[in-house]
Amino acid sequence: MPLPIMLRRNFFDRPVLKVAPELIGATLLVNGVGGRIVEVEAYHHTDPAAHSYRGPTSRNAVMFGPPGVAYVYRSYGIHWCLNFVCEEEGSASAVLIRALEPTEGLAAMRRRRGQSRELADDRLLCSGPGKLCEALGVTVRHNGIPLDKMPFELRARQGSARVVPGVRIGITKAMDKPWRFGLMGSRFLSKPFKT
DNA sequence: TATGAGATCAACT
DNA sequence: GTTGATCTCATAC
């Protein structure tokens, strides 16, 4: 088993549509808890569905900063969602992390996600952006933190991955853009890809 | 299997 | 005042 290769910040210094599919199969850990990334969505600053589309606000400010940092925002007043900022500074593009295949710290994830669901299978732990943040303990405290520093740990995938594109979920603008990417055949997706 | 309500907050109109 | 890059639970088909 080769040693894992850590993703460096310059990995994110590229177009978001190149970075997003390459994240499929990479491993994301927060304080040692996490797993393989199986689903992401790309949000480009020219995209009406992106938070950065209308320019900087206090919420999306870190999207306009340097790439390779976390952008965390409150969704529907309830959940947190985790993004990775991409491209050059000021381009305000990001990748939304939508689902993980849990591999590390399963007990911690179950504890954070609640006892009433403890008996449910592991697919329910991280199969959606809000669930994933709850399971990994990601909150706005992580907003703006570099991805190559603690508590984050990001390992490149080993070997190749079969990546399938699809239409993004939960948006009402630019719904035609196939900028959702998933690991082909994974049981841990938030929703199946139709192919 | 599918649809609907409720939770709860910041940005936007 | 309305609207989400959501999730869970309840009720209907």
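Numbers restart at 1 for each chain; the letters A, B, ... are given by sequence-line order, proteins then strands.
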Heavy atoms under 4.0 Å, any strand shown: does A:G130 hit a base, just sugar-phosphate, or nothing? sugar-phosphate

Can you tell me how far P of C:dA5 sits from CG of A:L132, to the nearest Å? 17 Å

Just N and O in the side chain of A:R113: are any of them under 4.0 Å from OP1 or OP2 of C:dT8? yes

Are OP1 or OP2 of C:dT6 and a side-chain N or O of A:S190 less than 4.0 angstrom apart? no

Any side-chain N or O of A:H79 less than 4.0 Å from the OP1 or OP2 oxygen of C:dC7? no

For A:E134 and A:R112, what are the C-alpha separation, side-chain angles and deciding distance, and is it a salt bridge (Lys or Arg N to Asp or Glu O under 4.0 Å)? CA-CA 6 Å; A:E134 188 179 20; A:R112 292 189 182 121; over 6 Å; no

Can you check whether A:K131 has a side-chain N or O nearer than 4.0 Å to OP1 or OP2 of C:dT8? yes

Grab the two heavy atoms, one from A:I171 and one from A:A49, that are nearest each other, plus how far apart they are. CD1-CB, 4.1 Å

Does B:dT13 have its OP1 or OP2 closer than 4.0 Å to a side-chain nitrogen or oxygen of A:R54? yes

Scan A:N60 against the nucleic acid and name what it touches under 4.0 Å (heavy atoms): base, sugar-phosphate only, or nothing. nothing

Quick one: does A:Y73 reach the base of C:dA5 with a side-chain donor-acceptor pair under 3.5 Å? yes

Can you tell me the distance, in whole Å, between the NE2 atom of A:H51 and the C1' atom of C:dT6? 12 Å

Whichever of A:P129 and A:K173 has its nearest DNA chain C nucleotide further upstream toward 5': A:K173

Other residues, nucleotides and ligands only: do more than 12 of their heavy atoms fall within 6.0 Å of CZ on A:F64? yes

I need the CG-P distance between A:N143 and C:dA5, as an integer number of Å. 17 Å

How many Å lie between CD1 on A:I97 and P on C:dT6, as a whole number? 14 Å

From CZ of A:R59 across to P of C:dT3 the rounded distance in Å is 16 Å

Is any side-chain nitrogen or oxygen of A:R74 closer than 4.0 Å to OP1 or OP2 of C:dA5? no

Atom pair distance, as rounded to whole Å: CD in A:E134 and P in B:dT8: 14 Å

Pick the C1' atom in B:dA2 and in C:dA5, then give their distance to the nearest Å. 22 Å

Watson-Crick or G-U wobble partner for B:dG4, using a 3.5 Å limit on both distances? C:dC9

C1'-based separation of C:dT8 from B:dA10 [nearest Å]: 22 Å

Atom OH of A:Y71 to atom P of B:dA10: distance rounded to whole Å? 13 Å

Return the CG to CG distance between A:L100 and A:D122, rounded to the nearest 0.5 Å. 12.5 Å

Would you kindly give the OH-to-C1' distance between A:Y76 and C:dG4, to the nearest whole Å? 4 Å

Smallest separation among heavy atoms of A:A42 and A:L17, with atom names: CB-CD2, 3.8 Å

Among B:dA11, C:dC7, B:dT13, the one nearest any side-chain atom of A:S58 is B:dA11

Given C:dC7, B:dC12, B:dA7, the nucleotide with the shortest approach to the side chain of A:I78: B:dA7

Are the charged groups of A:E22 and A:R14 less than 4.0 angstrom apart, N to O? yes

